[in-house]
Amino acid sequence: MKRQIPLVLTAVSGLLLILQYYIVPLNWIGNSFAGWFQAITAFAYILAAISLFAVNGKKIRDKTPGWMYNLVLLVSLLGTLYIGLFCDLLGFGYPGHKPIDEGTAFYWMFQYIYNPLSATMFSLTAFFIASASFRAFKARSVESTLLLGSAFLVMLFQVPLGEYLWAKTMPEALDIRWFIDTFILGAFNNAGQRAIQIASAIGLISVSLKIILGVERSYLGGE
Amino acid sequence: MPMPRTRKRTFSVAKLSLLGATFLLSGTVGTWAQPAATEKPKTFIESGKLYTVDSGNSLKVIPLSEKTLATPTVLYPLRGSNGETSSFVLVGESQAALLSPGGEVTPIPVPEPGPLQSAVVGNGVLLFQEASPHLIFVSADGKHTTLETPGRTASPVLLGARGAVALGAPGEYYLFETSDPTTVKKLKHPFGGEVQVSVSGDQAILWSKEKLEVVLAGFSTPIALNHRPTQGVKPLESAQWALVGDEQLAYLRYPGHALYFSIPNALKQIENLEAVQAFVSGKSLQILIQDARFGVIATEFSFSGKTGGKVFTNNTLRHVIPSDKEKGGHEFLFTETSFEERKVDDDGNPVMILDLKATKKQPLLQSVKGYTAFNLDPIRGWKPLLREERGQLVGPCQIVGEHLIFAVQHEPPNHPGIGRSIDQRYPYPRVVLKAIDIKDGREAWALELPRGEAPSASRLPETAWPLSKAGHLLFTTEDNRLSALDPRQGKIVWSSADLPLDESRPAILEWGSSLGLIATDKTVKKLILLDQSNGKILAENSLSGYFNSQRTANLVGVSVICISLLAYIYLAGRRKLFIRRIAGLEALDEAVGRATEMGKPVLYVTGLADVDDTQTLASLSILSHVAKKTAEYDTSILTTTSRAVTFSAAQEVVRDAFTIAGRPDSFSVESVQYISDDQFGYAAGVDGLMVREEPAANFYMGKFFAESLIFAETGHATGAIQIAGTAQANQLPFFVAACDYTLIGEELFAASAYLSGDPLQVGSLRGQDVGKAIVMIILVVASLDLSFGGHITKFLGEMFL
């Protein structure tokens, strides 16, 4: 029974959501389900927060290596919660303003702590692209040599320097930009991407159908 | 051979009238319409269907047939002498019909097949075809008369309520007047070759570039000019003006005389007369030109012979509002103005120009857009009335009652280096309504409503404010309501309840005491009837069909794939099916085994999406298999999630897998961890785990974005064996470059079936492959078909789209 009820609910919900996609008077079902999902998410955050406290609290208590980071995480979590939720109630808030309004402490934290930290993490991508490219673009075989050549052309002509050098050194009739846009990006790259997308879409239909029919049930655990 | 200019011009004017009538009367969504102002029947057209709303406010479709008119596009009410609607004229692509208030449809015979055009002329409707010599006039009593105009070379040009004029054979033109709807006059003009027609109100002037004369429609005697009209003749309300020769402007008052003025240099270079705004104010002719170099050039030609003018640099012409003929008052000009303002930093300090050699620091200036409103002073000419930096004019600028009403959107200031905070509920700047008293030319009121109650910027009308019967200005608010504004006081009179509106502009239909609003919310279209006096919703009727026909092709495609999947799931239960080997999935057990040998944990990352994404569901299925293996091998697993619901689901999956493997005690709080909803916060948390715990096997399965390479490269640096799987085409290259194995697109979805070995699931894999084969065949056939004319593609497109 523990297994049957979720399967029936999944099948009914799946079928209803498919029907509402095609049948106009049932469109409200999609919106309604989206609302329910929001409500479920709100409750799930309580469980997620408990997990955060349990995992990080255990590490702090056991003084595992790096436990200070776990402490920083919990202090940041509680500090953000306090400033966002209770500042107004305790009289240190922002009368007439929401915590997210410009000029508030919450906004300041977002602007000067959160944003720079996020930007720092994102900036790492530049270095990782360099190291990953270094490993990937090695002329070990015919295929990898072709990959190396195409990558070199595409990357060089994504920047103005490439265009400048080409214009200075090559005759005007040889239009490398056209070659890259039409063949490398427009034909090979586009065709490859679309093949992946079409196959993914079919796979997605397959998984969805199996879930609705109850053939695929491992996402519920156990099987 | 190029088309004669006369033909092009007259056709465009007629077509414009037709479009105008369609705009006003059809009630098509996306326009603000003002159709039949009748209490009953409430009749309107929507998407080629004719509807009526009965006294009980219930909606009915009036059946139409191919014999009468299957798909009407325009609906004209015919009003009798008492102002009541007696019947309607329905016009379609090539057919027309008369609709009685009782819903009876009688076809109006159209002599020749072909596209039919129509326009309101006086109290009736004129129907015509470009290439046919017939004109059909349907009078207010519903009677139609077919008039012959042999030799007509183009569509007639409409003269307001008076009638229409059409060029005929060389030297001839036709004049149709509603005062005598049974006849059409054939008149002579002195021009040969290319003849053009300029219209103002119910007057039309015929002229030719080759002749020194012009003729007023209805007269045969031309008025002489001293030079040829070089650029054309521009119509005014009661007269015309023309540029003649290279140096002069002629102001024509037919049939009396022409006044001549010397023109300033800017006027000599005019190439497109249509872009010039002109009107008569008192005893002068005012001309406004948009010049690319100088800005707005305003020239005044006084009838006493003086010429004066002003140049407004850094301005762009937006609206010219001549004085209301009945109410009098000022003339107004609105321009978009470029202002220079000092750039300031977040603390309000001026930003200086970065010039190290400069002895004195100069503030950095930036150009911002605003607007300026001018009014015309009889002595001093155009003088600024209102000016706002960072204020963009949006929507119509129109005289309503005694006020000129317009809307402004204020752009917030930009601070260098600081992103603008955007309220997700109201991402656009607030719209403020303003009014100028047309009598004294002063600002009467400005209405800055709270967010939500302010007018929706995306749904502002383009040309005219919709008005209720009581003269209230109607607009839809940011929080999807309809509000009525008293234009005299600048106060909200009523606001309706919430309406199902998306970003598209709704059509508003006015029927006596009620308003009809055709509201579209994504795919749902409704007719909502509201009480004009208080905005109360009287009734809601659905205009959408049951099936969303835009998704027919989608349904066919999905059905074909589903049938092949179901067929193979059925076949799989009867015989063993071969499935190809997927290296990434074969390596899953090997990776867990390696972690066991090294005595290190396994890291499993579920991606950034929630459980409503199928990639996450596929990831949870693989997690079930991996968790079971780790439990069997007594290896610890660290599962990280970035969404709360995914966390709960993953916890259940891992706990159940441990139980099935017979090691429920091995499950700990660290087996599944929620880290953060934030993309890079999550990336930092997972990277920290990798560096501290040094897992020997990393699995990245699900939906990934920019953090994919951060994970994969950090994992590579820690020396872990890495297996990734995603359907995000943009992230796959990163995983392929940095991971040992990658499940590409559909392989992620195939994983659960592949790993389980369950015959039913294996059948679905075969079904997937067959689906791909079908798509490949369609792509090849469609490519070949398109290369040879695209007949099959066109046929299927018409069938399904």
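Order of the sequence lines sets the chain letters (A, B, ...), proteins ahead of strands, with each chain counted from 1.
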Q | Which portion of Ile675(B) sits near chain A, non-hydrogen atoms under 4.5 angstrom | A | backbone
Q.
I'd like to know if Lys772(B) and Asp769(B) make a salt bridge, using a cut-off of under 4.0 Å between side-chain N and carboxylate O.
A. yes
Q: Check each atom of Ser621(B) against the heavy atoms of chain A and say whether the ones under 4.5 Å are side chain, backbone, both or neither.
A: both
Q.
Under a 4.5 Å cutoff for heavy-atom pairs, which residue among Thr714(B), Asp610(B), Ile569(B) has the most contacts with chain A?
A. Asp610(B)
**Q.** Leading residue by heavy atom contact count with chain A [cutoff under 4.5 Å; candidates Ala650(B), Gly771(B), Ala737(B), Gly767(B)]
**A.** Ala737(B)
**Q.** Which portion of Glu216(A) sits near chain B, non-hydrogen atoms under 4.5 angstrom
**A.** both
Q. In terms of heavy-atom proximity below 4.5 Å to chain B, should Ala44(A) be classed as side chain, backbone, both, or neither?
A. both
**Q.** chain B contact via Ile23(A) - which portion, at a heavy-atom distance below 4.5 Å
**A.** both
Q. By a 4.5 Å heavy-atom criterion (distance strictly below it), what part of Phe37(A) contacts chain B: side chain, backbone, both, or neither?
A. side chain
Q) Heavy atoms, side chains only, cut-off 4.5 Å: are Leu156(A) and Phe152(A) in contact? A) yes
**Q.** Heavy-atom closest contact (Ala618(B) atom, Leu748(B) atom, distance)
**A.** CB-O, 3.8 Å
Q: State, to 0.1 Å, how close Ala644(B) and Asp677(B) come at their nearest heavy-atom pair, and which atoms those are.
A: N-OD1, 4.3 Å
(Q) I need the minimum non-hydrogen distance between Val560(B) and Ile774(B), along with the two atoms involved. (A) CG1-CD1, 3.8 Å
Q.
With a 4.5 angstrom heavy-atom cut-off, is it the side chain or the backbone of Leu617(B) that approaches chain A, or both, or neither?
A. both
Q.
If I measure from the heavy atoms of chain B, does Ile202(A) come under 4.5 Å with its side chain, its backbone, both, or neither?
A. both
Q: Examine whether an atom of Val672(B) lies under 4.5 Å from a heavy atom of chain A, and if so say whether it belongs to the side chain, the backbone or both; otherwise answer neither.
A: backbone
(Q) Could you check whether Ser206(A) and Gln768(B), counting side-chain N and O atoms only, form a donor-acceptor pair closer than 3.5 Å? (A) yes
Q: Under 4.5 Å heavy-atom distance to chain A, tell me which part of Val669(B) shows up: side chain, backbone, both or neither.
A: both
(Q) Heavy-atom pairs under 4.5 Å with chain B - which of Leu47(A), Asn115(A), Ile40(A) has more of them than the others? (A) Leu47(A)
(Q) Would you compute the distance between atom CD of Gln731(B) and atom CG of Leu709(B) and round it to the nearest 0.5 angstrom? (A) 8.5 Å
Q | Heavy-atom pair count under 4.5 Å with chain A, highest-scoring of Val736(B), Ile622(B), Asn548(B) | A | Asn548(B)
Q.
Please identify, among Thr646(B), Leu620(B), Thr614(B), the residue contributing the most non-hydrogen atom pairs under 4.5 Å to chain A.
A. Thr614(B)
**Q.** Spatial distance of atom CD1 (Ile778(B)) from atom CE (Met776(B)) [nearest 0.5 Å]
**A.** 11.0 Å
Q) Which word best sums up how the rings of Trp36(A) and Phe33(A) line up, parallel for under 30°, tilted for 30 to 60°, or perpendicular for over 60°? A) parallel
Q | Per-residue contact mode, Ile211(A) against chain B (heavy atom under 4.5 angstrom) | A | side chain
Q: Take Ser619(B) and Thr616(B) through the test side chain to side chain donor-acceptor pair (under 3.5 Å) and record every step on the way to the result.
A: CA-CA 5 Å; Ser619(B) 173; Thr616(B) 308; over 6 Å; no
Q.
Restricting to non-hydrogen atoms, name the atom on Asn190(A) and the atom on Gly186(A) that form the minimum distance, rounded to 0.1 Å.
A. CB-O, 3.0 Å
Q: Could you have a look at Ser764(B), Ser648(B), Ser544(B), Ala738(B) and say which one has the most heavy-atom pairs with chain A under 4.5 angstrom?
A: Ser764(B)
Q) In terms of heavy-atom pairs under 4.5 Å with chain A, which of Asp678(B), Ile744(B), Asp758(B) leads? A) Asp678(B)
Q) Measuring heavy-atom distances to chain B, does Tyr114(A) have an atom under 4.5 Å in its side chain, in its backbone, in both, or in neither? A) side chain
Q.
Using modelled atom types and a 3.5 Å cut-off, is there a donor and acceptor pairing between side-chain atoms of Ser144(A) and backbone atoms of Ala139(A)?
A. no
Q. Is there a donor-acceptor contact under 3.5 Å from the side chain of Arg217(A) to the main chain of Leu7(A)?
A. no
**Q.** Under 3.5 Å donor-acceptor, Asp62(A) side chain and Thr64(A) backbone
**A.** no
(Q) If I measure from the heavy atoms of chain A, does Tyr546(B) come under 4.5 Å with its side chain, its backbone, both, or neither? (A) both
Q: Could you pull out the closest heavy-atom pair between Lys210(A) and Phe749(B), with the gap in Å?
A: NZ-O, 4.2 Å
(Q) Let's test your reading of the structure: which of Thr125(A), Val55(A), Leu26(A), Asn56(A) forms the most heavy-atom pairs below 4.5 Å with chain B? (A) Val55(A)
Q. What part of Asn554(B) is in contact with chain A, defined as an atom under 4.5 angstrom from a non-hydrogen atom: side chain, backbone, both or neither?
A. both
Q: Using a cut-off of under 4.5 Å on heavy-atom pairs, state which of Gly66(A), Ser131(A), Pro65(A), Ala54(A) scores highest against chain B.
A: Ser131(A)
Q: Would you name the heavy atoms of Val762(B) and Ala753(B) that are closest together and state the gap between them?
A: CG2-O, 4.1 Å
Q. Which atoms of Tyr21(A) come close to chain B, meaning under 4.5 Å heavy atom to heavy atom: side chain ones, backbone ones, both, or neither?
A. both
Q: Please flag which part of Leu213(A) lies under 4.5 Å from any non-hydrogen atom of chain B: side chain, backbone, both or neither.
A: side chain
**Q.** Toward chain A, the part of Phe658(B) with a non-hydrogen atom under 4.5 Å
**A.** neither
(Q) Please rank Leu52(A), Leu124(A), Ile18(A) by heavy-atom pairs under 4.5 Å with chain B and give me the top one. (A) Leu52(A)
Q: For the pair Phe680(B) and Phe122(A), name the ring-plane relationship: parallel under 30°, tilted 30 to 60°, perpendicular over 60°.
A: tilted
Q: Against chain A, label Ala750(B) side chain, backbone, both or neither, depending on which of its atoms sit under 4.5 Å from a heavy atom there.
A: neither
Q | Interchain contact, Leu765(B) with chain A, by part (heavy-atom threshold 4.5 Å) | A | neither
